[in-house]
Protein chains: 2
Amino acid sequence: MKKSLKKKVKLMKYLDIANEINQRITDRVYEEQLPSEAQLMEEFSSGRNTIRSAISLLANHGIIRRHQGSGYFVNQDLFETGRNITMLTNKNSLNTNQPDKQIKSKVINFTSRLTTPKEDQIFGCQKKSPVYEVHRLRYIVEDNAFLSFEKAVFLKELIPYLDETIAQNSIFRFIKKQYDIEVLHSDDFLSVGLADEEFAEKTGQAVGSPYLLVKEINFTKKNKVFNYSHSYYSPDREYYYHLANTLK
Amino acid sequence: MKKSLKKKVKLMKYLDIANEINQRITDRVYEEQLPSEAQLMEEFSSGRNTIRSAISLLANHGIIRRHQGSGYFVNQDLFETGRNITMLTNKNSLNTNQPDKQIKSKVINFTSRLTTPKEDQIFGCQKKSPVYEVHRLRYIVEDNAFLSFEKAVFLKELIPYLDETIAQNSIFRFIKKQYDIEVLHSDDFLSVGLADEEFAEKTGQAVGSPYLLVKEINFTKKNKVFNYSHSYYSPDREYYYHLANTLK
DNA sequence: ATACATTTGTGCGTATGTATG
DNA sequence: GCATACATACGCACAAATGTA
(Lines give C-alpha, C1' and ligand atoms only; values in the text may rest on other atoms or scores of the structure.)
Protein backbone atom coordinates (compact mmCIF):
# COMPACT_ATOMS: atom_id res chain seq x y z
CA MET A 1 0.00 0.00 0.00
CA LYS A 2 2.48 2.56 1.10
CA LYS A 3 4.80 2.24 -1.90
CA SER A 4 2.05 1.87 -4.45
CA LEU A 5 3.55 4.12 -7.08
CA LYS A 6 7.22 3.97 -7.93
CA LYS A 7 8.77 7.24 -6.99
CA LYS A 8 11.71 6.78 -9.36
CA VAL A 9 14.25 8.34 -7.03
CA LYS A 10 17.32 9.08 -9.06
CA LEU A 11 20.35 8.32 -6.93
CA MET A 12 23.91 9.46 -7.45
CA LYS A 13 22.78 13.01 -7.94
CA TYR A 14 26.04 14.20 -6.42
CA LEU A 15 28.01 12.41 -9.13
CA ASP A 16 25.92 13.95 -11.87
CA ILE A 17 26.36 17.35 -10.29
CA ALA A 18 30.11 16.86 -9.93
CA ASN A 19 30.35 15.92 -13.58
CA GLU A 20 28.29 18.91 -14.65
CA ILE A 21 30.41 21.31 -12.62
CA ASN A 22 33.57 19.68 -13.91
CA GLN A 23 32.33 20.09 -17.46
CA ARG A 24 31.60 23.74 -16.86
CA ILE A 25 35.11 24.25 -15.56
CA THR A 26 36.63 22.72 -18.70
CA ASP A 27 34.24 24.79 -20.79
CA ARG A 28 35.34 27.91 -18.93
CA VAL A 29 31.83 28.58 -17.78
CA TYR A 30 33.39 28.85 -14.37
CA GLU A 31 36.77 30.48 -14.76
CA GLU A 32 37.69 31.44 -11.24
CA GLN A 33 34.94 31.15 -8.67
CA LEU A 34 32.00 28.78 -8.51
CA PRO A 35 28.50 29.77 -7.43
CA SER A 36 27.77 29.51 -3.72
CA GLU A 37 26.27 26.40 -2.18
CA ALA A 38 22.92 28.15 -1.93
CA GLN A 39 22.92 28.93 -5.62
CA LEU A 40 23.98 25.39 -6.55
CA MET A 41 21.27 23.96 -4.28
CA GLU A 42 18.77 26.15 -6.09
CA GLU A 43 19.99 25.29 -9.56
CA PHE A 44 20.27 21.55 -9.04
CA SER A 45 17.25 21.29 -6.75
CA SER A 46 19.30 19.45 -4.19
CA GLY A 47 19.99 19.46 -0.50
CA ARG A 48 23.11 21.06 0.86
CA ASN A 49 24.83 17.77 1.64
CA THR A 50 24.38 16.58 -1.92
CA ILE A 51 26.02 19.71 -3.27
CA ARG A 52 28.79 19.35 -0.72
CA SER A 53 29.39 15.74 -1.76
CA ALA A 54 29.84 16.84 -5.35
CA ILE A 55 32.15 19.62 -4.24
CA SER A 56 34.18 17.21 -2.11
CA LEU A 57 34.71 14.93 -5.06
CA LEU A 58 36.06 17.80 -7.15
CA ALA A 59 38.16 19.17 -4.30
CA ASN A 60 39.75 15.78 -3.68
CA HIS A 61 40.74 15.55 -7.31
CA GLY A 62 42.43 18.92 -7.06
CA ILE A 63 39.99 20.47 -9.52
CA ILE A 64 38.68 23.08 -7.12
CA ARG A 65 39.78 24.60 -3.80
CA ARG A 66 37.46 25.45 -0.93
CA HIS A 67 37.73 28.61 1.06
CA GLN A 68 35.62 28.93 4.17
CA GLY A 69 33.92 32.27 4.26
CA SER A 70 34.48 33.16 0.65
CA GLY A 71 33.65 30.30 -1.67
CA TYR A 72 34.86 27.65 -4.08
CA PHE A 73 37.59 28.39 -6.61
CA VAL A 74 38.98 26.67 -9.67
CA ASN A 75 42.43 25.32 -8.85
CA GLN A 76 45.32 26.70 -10.87
CA ASP A 77 48.75 25.28 -11.68
CA LEU A 78 50.89 27.67 -9.68
CA PHE A 79 54.17 26.23 -10.93
CA GLU A 80 53.10 26.92 -14.51
CA THR A 81 55.58 24.42 -15.72
CA GLY A 82 56.32 24.37 -19.41
CA ARG A 83 55.94 20.62 -19.63
CA ASN A 84 52.71 18.90 -20.41
CA ILE A 85 50.97 17.54 -17.39
CA THR A 86 49.11 14.28 -17.04
CA MET A 87 46.59 13.94 -14.24
CA LEU A 88 46.98 10.65 -12.49
CA THR A 89 44.20 11.49 -10.07
CA ASN A 90 41.28 10.98 -12.39
CA LYS A 91 40.64 7.43 -13.47
CA ASN A 92 37.07 7.52 -14.62
CA SER A 93 34.65 8.66 -12.01
CA LEU A 94 34.54 12.08 -13.56
CA ASN A 95 33.91 12.31 -17.25
CA THR A 96 37.11 12.44 -19.19
CA ASN A 97 37.48 16.05 -20.11
CA GLN A 98 41.00 16.96 -19.17
CA PRO A 99 42.94 18.74 -21.92
CA ASP A 100 45.36 15.99 -22.92
CA LYS A 101 43.06 13.10 -22.19
CA GLN A 102 43.18 11.91 -25.80
CA ILE A 103 45.47 8.93 -25.77
CA LYS A 104 46.08 6.37 -28.47
CA SER A 105 47.53 2.95 -27.87
CA LYS A 106 49.63 0.53 -29.83
CA VAL A 107 49.14 -3.02 -28.64
CA ILE A 108 52.39 -4.93 -28.74
CA ASN A 109 51.26 -8.02 -26.88
CA PHE A 110 47.89 -9.56 -26.16
CA THR A 111 47.69 -12.94 -24.45
CA SER A 112 45.45 -15.12 -22.33
CA ARG A 113 47.01 -17.10 -19.52
CA LEU A 114 46.50 -18.29 -15.96
CA THR A 115 47.34 -16.40 -12.79
CA THR A 116 50.56 -16.89 -10.86
CA PRO A 117 50.38 -17.47 -7.09
CA LYS A 118 51.31 -13.84 -6.51
CA GLU A 119 48.46 -12.76 -8.77
CA ASP A 120 46.02 -15.03 -6.93
CA GLN A 121 46.81 -12.95 -3.90
CA ILE A 122 46.44 -9.64 -5.70
CA PHE A 123 43.13 -10.57 -7.29
CA GLY A 124 41.91 -12.58 -4.33
CA CYS A 125 40.96 -15.31 -6.78
CA GLN A 126 41.24 -19.10 -7.19
CA LYS A 127 44.61 -20.54 -8.15
CA LYS A 128 45.29 -20.40 -11.88
CA SER A 129 42.35 -18.21 -12.80
CA PRO A 130 42.27 -17.03 -16.41
CA VAL A 131 43.48 -13.52 -17.13
CA TYR A 132 44.25 -11.29 -20.09
CA GLU A 133 47.65 -9.68 -20.26
CA VAL A 134 48.00 -6.61 -22.45
CA HIS A 135 51.16 -4.72 -23.31
CA ARG A 136 50.64 -1.32 -24.87
CA LEU A 137 52.56 1.74 -25.87
CA ARG A 138 50.60 4.87 -25.18
CA TYR A 139 50.90 8.16 -27.00
CA ILE A 140 49.34 11.58 -26.67
CA VAL A 141 47.23 12.11 -29.77
CA GLU A 142 47.79 15.84 -29.94
CA ASP A 143 51.54 15.80 -30.44
CA ASN A 144 52.20 12.11 -30.91
CA ALA A 145 54.42 12.14 -27.82
CA PHE A 146 55.32 8.90 -26.04
CA LEU A 147 53.43 8.71 -22.75
CA SER A 148 54.01 5.26 -21.33
CA PHE A 149 54.62 1.58 -21.75
CA GLU A 150 51.95 -0.33 -19.89
CA LYS A 151 51.65 -3.96 -18.85
CA ALA A 152 48.12 -4.61 -17.64
CA VAL A 153 46.46 -7.78 -16.37
CA PHE A 154 42.68 -8.27 -16.26
CA LEU A 155 40.82 -11.01 -14.41
CA LYS A 156 38.47 -12.83 -16.80
CA GLU A 157 36.15 -13.70 -13.97
CA LEU A 158 35.24 -10.00 -13.84
CA ILE A 159 36.17 -8.96 -17.38
CA PRO A 160 35.05 -11.94 -19.48
CA TYR A 161 35.97 -10.50 -22.85
CA LEU A 162 38.71 -8.30 -24.27
CA ASP A 163 40.45 -8.20 -27.63
CA GLU A 164 43.21 -6.30 -29.40
CA THR A 165 40.82 -3.86 -31.03
CA ILE A 166 39.41 -2.88 -27.68
CA ALA A 167 42.91 -2.54 -26.29
CA GLN A 168 43.79 -0.11 -29.05
CA ASN A 169 41.27 2.25 -27.53
CA SER A 170 40.32 2.77 -23.91
CA ILE A 171 39.95 -0.55 -22.13
CA PHE A 172 38.44 1.15 -19.11
CA ARG A 173 35.80 2.84 -21.22
CA PHE A 174 34.88 -0.51 -22.76
CA ILE A 175 34.71 -2.15 -19.38
CA LYS A 176 32.43 0.54 -18.07
CA LYS A 177 30.11 0.38 -21.02
CA GLN A 178 30.05 -3.38 -21.31
CA TYR A 179 30.21 -4.56 -17.72
CA ASP A 180 29.35 -1.40 -15.79
CA ILE A 181 32.62 -1.76 -13.92
CA GLU A 182 34.58 1.32 -13.02
CA VAL A 183 37.46 2.17 -10.75
CA LEU A 184 36.29 3.01 -7.27
CA HIS A 185 39.77 3.47 -5.90
CA SER A 186 43.36 2.59 -6.69
CA ASP A 187 46.56 1.93 -4.81
CA ASP A 188 49.60 3.38 -6.58
CA PHE A 189 53.19 2.42 -5.83
CA LEU A 190 55.69 4.68 -7.52
CA SER A 191 59.37 4.15 -8.17
CA VAL A 192 61.98 5.12 -10.72
CA GLY A 193 64.30 3.13 -12.95
CA LEU A 194 66.49 3.22 -16.02
CA ALA A 195 65.66 1.98 -19.50
CA ASP A 196 67.62 -1.15 -20.43
CA GLU A 197 68.15 -2.23 -24.03
CA GLU A 198 65.01 -4.28 -24.29
CA PHE A 199 62.92 -1.47 -22.86
CA ALA A 200 64.61 1.08 -25.09
CA GLU A 201 63.93 -0.96 -28.18
CA LYS A 202 60.28 -1.45 -27.31
CA THR A 203 59.59 2.16 -26.45
CA GLY A 204 61.97 4.13 -28.63
CA GLN A 205 63.47 5.72 -25.53
CA ALA A 206 67.23 6.01 -25.11
CA VAL A 207 69.06 3.34 -23.14
CA GLY A 208 69.73 4.68 -19.68
CA SER A 209 66.92 7.20 -19.75
CA PRO A 210 64.87 7.32 -16.57
CA TYR A 211 61.24 6.30 -16.26
CA LEU A 212 58.55 6.64 -13.64
CA LEU A 213 57.13 3.22 -12.80
CA VAL A 214 53.58 3.25 -11.45
CA LYS A 215 52.38 -0.08 -10.12
CA GLU A 216 48.66 0.24 -9.73
CA ILE A 217 45.89 -1.94 -8.35
CA ASN A 218 42.35 -1.01 -9.35
CA PHE A 219 39.26 -1.87 -7.32
CA THR A 220 35.66 -2.03 -8.49
CA LYS A 221 32.73 -0.56 -6.63
CA LYS A 222 32.36 -3.95 -5.01
CA ASN A 223 35.93 -3.82 -3.77
CA LYS A 224 37.10 -6.52 -6.14
CA VAL A 225 40.47 -6.20 -7.85
CA PHE A 226 39.71 -6.51 -11.56
CA ASN A 227 43.02 -5.23 -12.88
CA TYR A 228 46.55 -4.38 -11.98
CA SER A 229 49.21 -2.79 -14.10
CA HIS A 230 52.80 -1.65 -14.37
CA SER A 231 53.15 1.58 -16.30
CA TYR A 232 56.50 3.05 -17.28
CA TYR A 233 55.99 6.74 -17.84
CA SER A 234 57.98 9.08 -20.03
CA PRO A 235 60.64 11.35 -18.48
CA ASP A 236 59.50 14.16 -20.76
CA ARG A 237 56.27 14.81 -18.89
CA GLU A 238 55.00 15.79 -15.47
CA TYR A 239 52.40 13.89 -13.52
CA TYR A 240 49.91 15.48 -11.21
CA TYR A 241 48.55 14.24 -7.90
CA HIS A 242 46.48 16.16 -5.43
CA LEU A 243 46.62 15.45 -1.72
CA ALA A 244 43.65 16.45 0.41
CA ASN A 245 44.29 16.31 4.11
CA THR A 246 40.79 17.13 5.16
CA LEU A 247 37.38 16.62 3.77
CA LYS A 248 34.05 15.77 5.01
CA MET B 1 20.10 35.17 27.84
CA LYS B 2 19.96 32.23 25.53
CA LYS B 3 23.70 31.63 25.46
CA SER B 4 24.32 32.40 29.11
CA LEU B 5 26.61 29.50 29.81
CA LYS B 6 29.34 28.55 27.40
CA LYS B 7 28.61 25.16 26.01
CA LYS B 8 32.23 24.47 25.16
CA VAL B 9 31.37 22.64 21.97
CA LYS B 10 34.42 20.67 20.99
CA LEU B 11 34.60 20.84 17.22
CA MET B 12 36.55 18.67 14.85
CA LYS B 13 35.24 15.54 16.46
CA TYR B 14 35.58 13.73 13.16
CA LEU B 15 39.30 14.52 13.08
CA ASP B 16 39.79 13.23 16.62
CA ILE B 17 37.88 10.11 15.75
CA ALA B 18 39.87 9.61 12.55
CA ASN B 19 43.10 9.94 14.52
CA GLU B 20 41.92 7.51 17.18
CA ILE B 21 40.89 4.92 14.61
CA ASN B 22 44.16 5.43 12.74
CA GLN B 23 46.07 4.88 15.97
CA ARG B 24 44.17 1.68 16.66
CA ILE B 25 45.05 0.41 13.21
CA THR B 26 48.77 1.03 13.81
CA ASP B 27 48.44 -0.57 17.22
CA ARG B 28 46.78 -3.59 15.62
CA VAL B 29 43.67 -3.09 17.70
CA TYR B 30 41.88 -3.29 14.39
CA GLU B 31 43.70 -5.83 12.27
CA GLU B 32 41.23 -6.51 9.48
CA GLN B 33 37.76 -5.13 9.97
CA LEU B 34 36.59 -2.06 11.82
CA PRO B 35 33.46 -1.90 13.96
CA SER B 36 30.27 -0.93 12.17
CA GLU B 37 29.09 2.64 11.94
CA ALA B 38 26.47 1.95 14.58
CA GLN B 39 29.10 0.68 17.00
CA LEU B 40 31.40 3.63 16.30
CA MET B 41 28.49 6.04 16.80
CA GLU B 42 27.84 4.39 20.13
CA GLU B 43 31.46 4.38 21.26
CA PHE B 44 32.26 7.94 20.23
CA SER B 45 28.83 9.31 21.11
CA SER B 46 28.54 10.86 17.68
CA GLY B 47 26.10 11.17 14.86
CA ARG B 48 26.37 9.04 11.80
CA ASN B 49 27.69 11.82 9.59
CA THR B 50 30.51 12.53 11.98
CA ILE B 51 31.62 8.91 11.95
CA ARG B 52 31.36 8.85 8.18
CA SER B 53 33.49 11.99 7.89
CA ALA B 54 36.21 10.32 9.92
CA ILE B 55 35.92 7.19 7.81
CA SER B 56 36.09 9.23 4.60
CA LEU B 57 39.31 10.84 5.73
CA LEU B 58 40.91 7.46 6.36
CA ALA B 59 39.54 5.96 3.16
CA ASN B 60 40.89 8.85 1.09
CA HIS B 61 44.33 8.29 2.56
CA GLY B 62 44.17 4.65 1.56
CA ILE B 63 44.24 3.51 5.17
CA ILE B 64 40.92 1.70 5.05
CA ARG B 65 38.58 0.43 2.35
CA ARG B 66 34.81 0.66 2.46
CA HIS B 67 32.59 -2.18 1.43
CA GLN B 68 28.91 -1.51 1.17
CA GLY B 69 26.92 -4.21 2.86
CA SER B 70 29.80 -5.73 4.77
CA GLY B 71 31.90 -3.09 6.49
CA TYR B 72 35.15 -1.15 6.72
CA PHE B 73 38.45 -2.95 6.29
CA VAL B 74 42.09 -2.12 6.90
CA ASN B 75 43.79 -1.68 3.53
CA GLN B 76 46.61 -4.06 2.74
CA ASP B 77 49.58 -3.77 0.42
CA LEU B 78 48.59 -6.37 -2.15
CA PHE B 79 51.84 -6.08 -4.10
CA GLU B 80 53.79 -6.93 -0.97
CA THR B 81 56.85 -5.38 -2.44
CA GLY B 82 60.13 -6.06 -0.75
CA ARG B 83 61.13 -2.43 -0.81
CA ASN B 84 60.33 0.03 1.91
CA ILE B 85 57.38 2.19 1.19
CA THR B 86 56.97 5.86 1.97
CA MET B 87 53.47 7.25 2.14
CA LEU B 88 53.24 10.51 0.31
CA THR B 89 49.54 10.80 1.06
CA ASN B 90 49.79 11.81 4.68
CA LYS B 91 51.23 15.21 5.38
CA ASN B 92 50.06 15.95 8.87
CA SER B 93 46.34 15.87 9.24
CA LEU B 94 46.55 12.44 10.77
CA ASN B 95 48.97 11.92 13.59
CA THR B 96 52.26 10.62 12.36
CA ASN B 97 52.19 6.98 13.14
CA GLN B 98 53.19 5.26 9.95
CA PRO B 99 55.90 2.64 10.38
CA ASP B 100 58.83 4.42 8.74
CA LYS B 101 57.75 7.92 9.69
CA GLN B 102 60.93 8.53 11.67
CA ILE B 103 63.05 10.73 9.49
CA LYS B 104 66.19 12.62 10.34
CA SER B 105 67.52 15.57 8.40
CA LYS B 106 70.91 17.01 7.68
CA VAL B 107 70.71 20.69 6.84
CA ILE B 108 73.17 21.58 4.11
CA ASN B 109 71.96 25.10 3.43
CA PHE B 110 69.90 27.60 5.36
CA THR B 111 69.41 31.09 4.00
CA SER B 112 67.11 34.09 4.11
CA ARG B 113 66.40 35.91 0.88
CA LEU B 114 63.68 37.68 -1.10
CA THR B 115 61.19 36.09 -3.49
CA THR B 116 61.69 35.93 -7.23
CA PRO B 117 58.85 37.04 -9.52
CA LYS B 118 57.90 33.43 -10.09
CA GLU B 119 57.73 32.87 -6.35
CA ASP B 120 55.54 35.95 -5.93
CA GLN B 121 53.07 34.19 -8.13
CA ILE B 122 53.32 30.88 -6.29
CA PHE B 123 52.90 32.48 -2.88
CA GLY B 124 50.50 35.16 -4.05
CA CYS B 125 52.61 37.67 -2.13
CA GLN B 126 54.12 41.12 -2.60
CA LYS B 127 57.20 41.45 -4.78
CA LYS B 128 60.43 40.61 -2.99
CA SER B 129 58.85 39.20 0.14
CA PRO B 130 61.27 37.60 2.59
CA VAL B 131 61.53 33.82 2.60
CA TYR B 132 63.62 31.08 4.16
CA GLU B 133 65.25 28.58 1.86
CA VAL B 134 66.28 25.27 3.37
CA HIS B 135 68.23 22.47 1.72
CA ARG B 136 68.19 19.20 3.55
CA LEU B 137 69.20 15.59 3.12
CA ARG B 138 66.67 13.27 4.63
CA TYR B 139 67.32 9.80 5.96
CA ILE B 140 65.21 7.03 7.40
CA VAL B 141 66.27 6.69 11.03
CA GLU B 142 65.69 2.96 11.22
CA ASP B 143 68.23 1.86 8.62
CA ASN B 144 69.99 5.15 7.90
CA ALA B 145 68.87 4.92 4.28
CA PHE B 146 68.91 7.98 2.05
CA LEU B 147 65.36 9.15 1.44
CA SER B 148 65.56 12.46 -0.37
CA PHE B 149 67.25 15.74 -1.05
CA GLU B 150 64.82 18.56 -0.43
CA LYS B 151 64.86 22.23 -1.35
CA ALA B 152 62.09 24.00 0.55
CA VAL B 153 61.05 27.64 0.62
CA PHE B 154 58.93 29.17 3.37
CA LEU B 155 57.20 32.55 3.29
CA LYS B 156 58.21 34.62 6.33
CA GLU B 157 54.93 36.47 6.26
CA LEU B 158 53.29 33.23 7.37
CA ILE B 159 56.25 31.49 9.00
CA PRO B 160 58.08 34.34 10.77
CA TYR B 161 60.79 32.24 12.36
CA LEU B 162 62.84 29.19 11.43
CA ASP B 163 66.39 28.15 12.19
CA GLU B 164 68.79 25.33 11.44
CA THR B 165 68.01 23.46 14.62
CA ILE B 166 64.34 23.38 13.75
CA ALA B 167 65.19 22.28 10.23
CA GLN B 168 67.14 19.34 11.59
CA ASN B 169 63.86 18.02 12.92
CA SER B 170 60.38 18.29 11.48
CA ILE B 171 59.73 21.80 10.20
CA PHE B 172 56.05 21.03 9.70
CA ARG B 173 55.71 19.86 13.29
CA PHE B 174 57.32 23.09 14.51
CA ILE B 175 55.06 25.16 12.32
CA LYS B 176 52.00 23.43 13.62
CA LYS B 177 52.99 23.82 17.24
CA GLN B 178 54.24 27.38 16.94
CA TYR B 179 51.89 28.93 14.41
CA ASP B 180 49.03 26.45 14.32
CA ILE B 181 49.54 26.12 10.59
CA GLU B 182 49.11 22.79 8.92
CA VAL B 183 48.77 21.48 5.41
CA LEU B 184 45.19 21.47 4.26
CA HIS B 185 46.01 20.25 0.79
CA SER B 186 48.91 19.98 -1.62
CA ASP B 187 49.49 19.97 -5.33
CA ASP B 188 52.18 17.52 -6.39
CA PHE B 189 53.92 17.53 -9.76
CA LEU B 190 56.03 14.45 -10.33
CA SER B 191 58.78 13.84 -12.82
CA VAL B 192 61.98 11.84 -13.14
CA GLY B 193 65.57 12.78 -13.77
CA LEU B 194 69.18 11.67 -13.56
CA ALA B 195 71.75 12.62 -10.93
CA ASP B 196 74.43 14.92 -12.28
CA GLU B 197 77.81 15.31 -10.60
CA GLU B 198 76.75 18.10 -8.28
CA PHE B 199 73.68 16.19 -7.20
CA ALA B 200 75.67 13.00 -6.76
CA GLU B 201 78.23 14.71 -4.60
CA LYS B 202 75.62 16.29 -2.39
CA THR B 203 73.54 13.17 -1.89
CA GLY B 204 76.04 10.36 -2.09
CA GLN B 205 74.10 8.84 -4.98
CA ALA B 206 75.86 7.59 -8.09
CA VAL B 207 76.14 9.88 -11.09
CA GLY B 208 73.46 8.89 -13.59
CA SER B 209 71.20 7.25 -11.03
CA PRO B 210 67.53 8.15 -11.41
CA TYR B 211 65.50 10.17 -8.96
CA LEU B 212 61.83 10.95 -8.45
CA LEU B 213 61.33 14.70 -8.35
CA VAL B 214 58.25 15.86 -6.45
CA LYS B 215 57.47 19.54 -6.81
CA GLU B 216 54.95 20.32 -4.14
CA ILE B 217 52.90 23.36 -3.15
CA ASN B 218 51.39 23.33 0.33
CA PHE B 219 48.29 25.27 1.34
CA THR B 220 47.19 26.27 4.82
CA LYS B 221 43.66 25.97 6.14
CA LYS B 222 43.15 29.53 4.94
CA ASN B 223 44.19 28.57 1.43
CA LYS B 224 47.45 30.47 1.63
CA VAL B 225 50.61 28.99 0.14
CA PHE B 226 53.11 28.97 2.99
CA ASN B 227 55.67 26.66 1.44
CA TYR B 228 56.76 24.97 -1.74
CA SER B 229 59.48 22.44 -2.25
CA HIS B 230 61.40 20.33 -4.70
CA SER B 231 62.22 16.89 -3.32
CA TYR B 232 64.47 14.44 -5.11
CA TYR B 233 63.59 10.99 -3.87
CA SER B 234 65.77 7.92 -3.73
CA PRO B 235 65.48 5.24 -6.43
CA ASP B 236 65.81 2.57 -3.75
CA ARG B 237 62.35 3.10 -2.34
CA GLU B 238 58.70 2.99 -3.36
CA TYR B 239 56.23 5.79 -2.82
CA TYR B 240 52.59 5.30 -2.13
CA TYR B 241 49.60 7.30 -3.29
CA HIS B 242 45.98 6.38 -2.97
CA LEU B 243 43.40 7.52 -5.48
CA ALA B 244 39.79 7.69 -4.37
CA ASN B 245 37.34 8.14 -7.20
CA THR B 246 34.31 8.46 -5.02
CA LEU B 247 33.60 9.69 -1.57
CA LYS B 248 31.05 11.69 0.15
C1' DA C 1 36.33 49.02 15.81
C1' DT C 2 31.61 47.17 15.39
C1' DA C 3 27.88 44.99 13.59
C1' DC C 4 25.87 42.37 10.11
C1' DA C 5 25.11 39.42 6.15
C1' DT C 6 27.24 35.85 3.45
C1' DT C 7 29.67 31.59 2.84
C1' DT C 8 31.72 27.41 4.05
C1' DG C 9 32.63 23.96 8.02
C1' DT C 10 30.95 20.85 11.62
C1' DG C 11 27.42 18.09 13.79
C1' DC C 12 22.93 15.76 14.54
C1' DG C 13 18.58 13.49 13.02
C1' DT C 14 15.87 10.89 9.80
C1' DA C 15 14.38 8.32 5.75
C1' DT C 16 15.27 5.44 2.03
C1' DG C 17 18.29 2.85 -1.43
C1' DT C 18 21.52 -0.85 -2.28
C1' DA C 19 24.78 -4.56 -1.34
C1' DT C 20 25.94 -8.44 1.62
C1' DG C 21 25.33 -12.65 4.08
C1' DG D 1 12.72 -13.34 2.88
C1' DC D 2 15.27 -11.08 6.34
C1' DA D 3 18.61 -8.54 9.15
C1' DT D 4 22.75 -5.93 8.83
C1' DA D 5 25.83 -2.60 6.92
C1' DC D 6 27.15 1.04 4.12
C1' DA D 7 25.46 4.79 0.46
C1' DT D 8 22.66 8.56 -0.84
C1' DA D 9 19.68 12.42 0.17
C1' DC D 10 17.05 15.88 2.74
C1' DG D 11 16.56 18.99 6.68
C1' DC D 12 18.14 21.84 10.52
C1' DA D 13 21.25 24.34 13.84
C1' DC D 14 25.25 26.50 14.99
C1' DA D 15 30.52 27.61 14.45
C1' DA D 16 34.06 29.96 12.05
C1' DA D 17 36.00 32.74 8.39
C1' DT D 18 35.22 36.42 5.24
C1' DG D 19 33.71 40.78 3.32
C1' DT D 20 31.21 44.87 3.73
C1' DA D 21 28.65 48.57 5.50
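Hydrogens, waters and symmetry mates are skipped; everything else that's a heavy atom, side chains included, is used. A quick note: this is a predicted structure, and the numbers were derived from the prediction, not measured. Sequence lines set the chain letters: A, B, ... in the order given, protein chains first and strands last, and positions in each chain run from 1.
- With hydrogens and angles ignored, no donor-acceptor pair closer than 3.5 Å exists between the side chain of A/E37 and the base of C/dG9.
- The environment of CD in A/E43 is crowded: more than 12 heavy-atom neighbours from other residues, nucleotides or ligands sit within 6.0 Å.
- Residues forming a side-chain contact (heavy atoms from CB on, under 4.5 Å) with B/E133 (at least two apart in sequence, or on another chain): B/T111, B/R113, B/H135, B/V153.
- Between D/dC10, C/dT10, C/dT20, one nucleotide has an atom nearer to the side chain of A/N49 than all others, and that is D/dC10.
- With rounding to whole Å, A/L40 atom CG is found 12 Å from C/dT8 atom C1'.
- Contact between the side-chain N/O atoms of A/H67 and the OP1/OP2 oxygens of D/dA17 is not found at any separation under 4.0 Å.
- Atom CZ of B/F44 is separated from atom P of C/dC12 by 13 Å (rounded to the nearest Å).
- Heavy atoms from other residues, nucleotides or ligands lying under 6.0 Å from CG of A/D180 number 12 at most.
- Counting only N and O atoms by type, the side chains of B/Y241 and B/D188 include a donor and acceptor under 3.5 Å apart.
- Mapping B/G69 and A/G71 onto DNA chain C by nearest heavy atom places A/G71 at the nucleotide closer to the 5' end.
- In this structure, B/A38 and A/S70 both approach DNA chain D, and ranking their closest nucleotides by distance from the 5' end singles out B/A38.
- Rounding to whole angstrom units, CG of residue A/D16 and P of D/dT8 are separated by 12 Å.
- Distance CD1 (B/I64) to C1' (D/dC6): 11 Å, rounded to an integer number of Å.
- Between A/K221 and D/dA7 there is no side-chain polar atom (N or O) within less than 4.0 angstrom of OP1 or OP2.
- Rounded to a whole Å, the CZ atom of B/R65 is 13 Å from the P atom of D/dA7.
- Counting distance only, with no hydrogens placed and no angle test, the side-chain atoms of A/R48 and the base atoms of C/dG9 include a donor-acceptor pair under 3.5 Å.
- In B/E42, the CD atom is not crowded: 12 or fewer heavy atoms of neighbouring residues, nucleotides or ligands sit closer than 6.0 Å.
- Around NZ of A/K224, the count of heavy atoms belonging to other residues, nucleotides or ligands within 6.0 Å does not exceed 12.
- Put simply, CE on B/M41 is 12 Å from C1' on D/dA5, counting in whole angstrom units.
- Not one side-chain nitrogen or oxygen of B/T50 sits closer than 4.0 Å to the OP1 or OP2 atom of C/dT10.
- Closest approach to the B/Q68 side chain among C/dT8, D/dT18, C/dG17 is made by C/dG17 (side chain taken as heavy atoms from C-beta onward).
- Put simply, the residue from A/Y132, A/Y179, A/F172 that forms a ring-ring contact (aromatic ring centres under 6.0 Å, His included) with A/F226 is A/F172.
- Phosphate proximity of C/dG9 to A/Y72: present, with a side-chain N or O under 4.0 Å from OP1 or OP2.
- A side-chain contact (heavy atoms from CB on, under 4.5 Å) with B/I64 holds for exactly one of B/I55, B/N75, B/L57; it is B/I55.
- One end of the helix from C/dT2-D/dA21 to C/dG21-D/dC2 points its axis 10° away from the other end's axis, with each axis taken from 5 pairs and the angle rounded to 10°.
- Separating the CG atom of A/L15 from the C1' atom of D/dA7 is a distance of 12 Å, rounded to the nearest angstrom.
- The nucleotide whose nearest atom lies closest to any side-chain atom of A/R52 is, among D/dG11, D/dA17, C/dT10, C/dT10.
- Checking the phosphate oxygens (OP1, OP2) of D/dT18, a side-chain nitrogen or oxygen of B/K222 falls inside 4.0 Å.
- Regarding contacts with the backbone of C/dT6, every side-chain N or O of A/S36 stays at 4.0 angstrom or more from both OP1 and OP2.
- Rounded to an integer number of Å, the gap from CD1 of A/I55 to C1' of C/dG9 is 13 Å.
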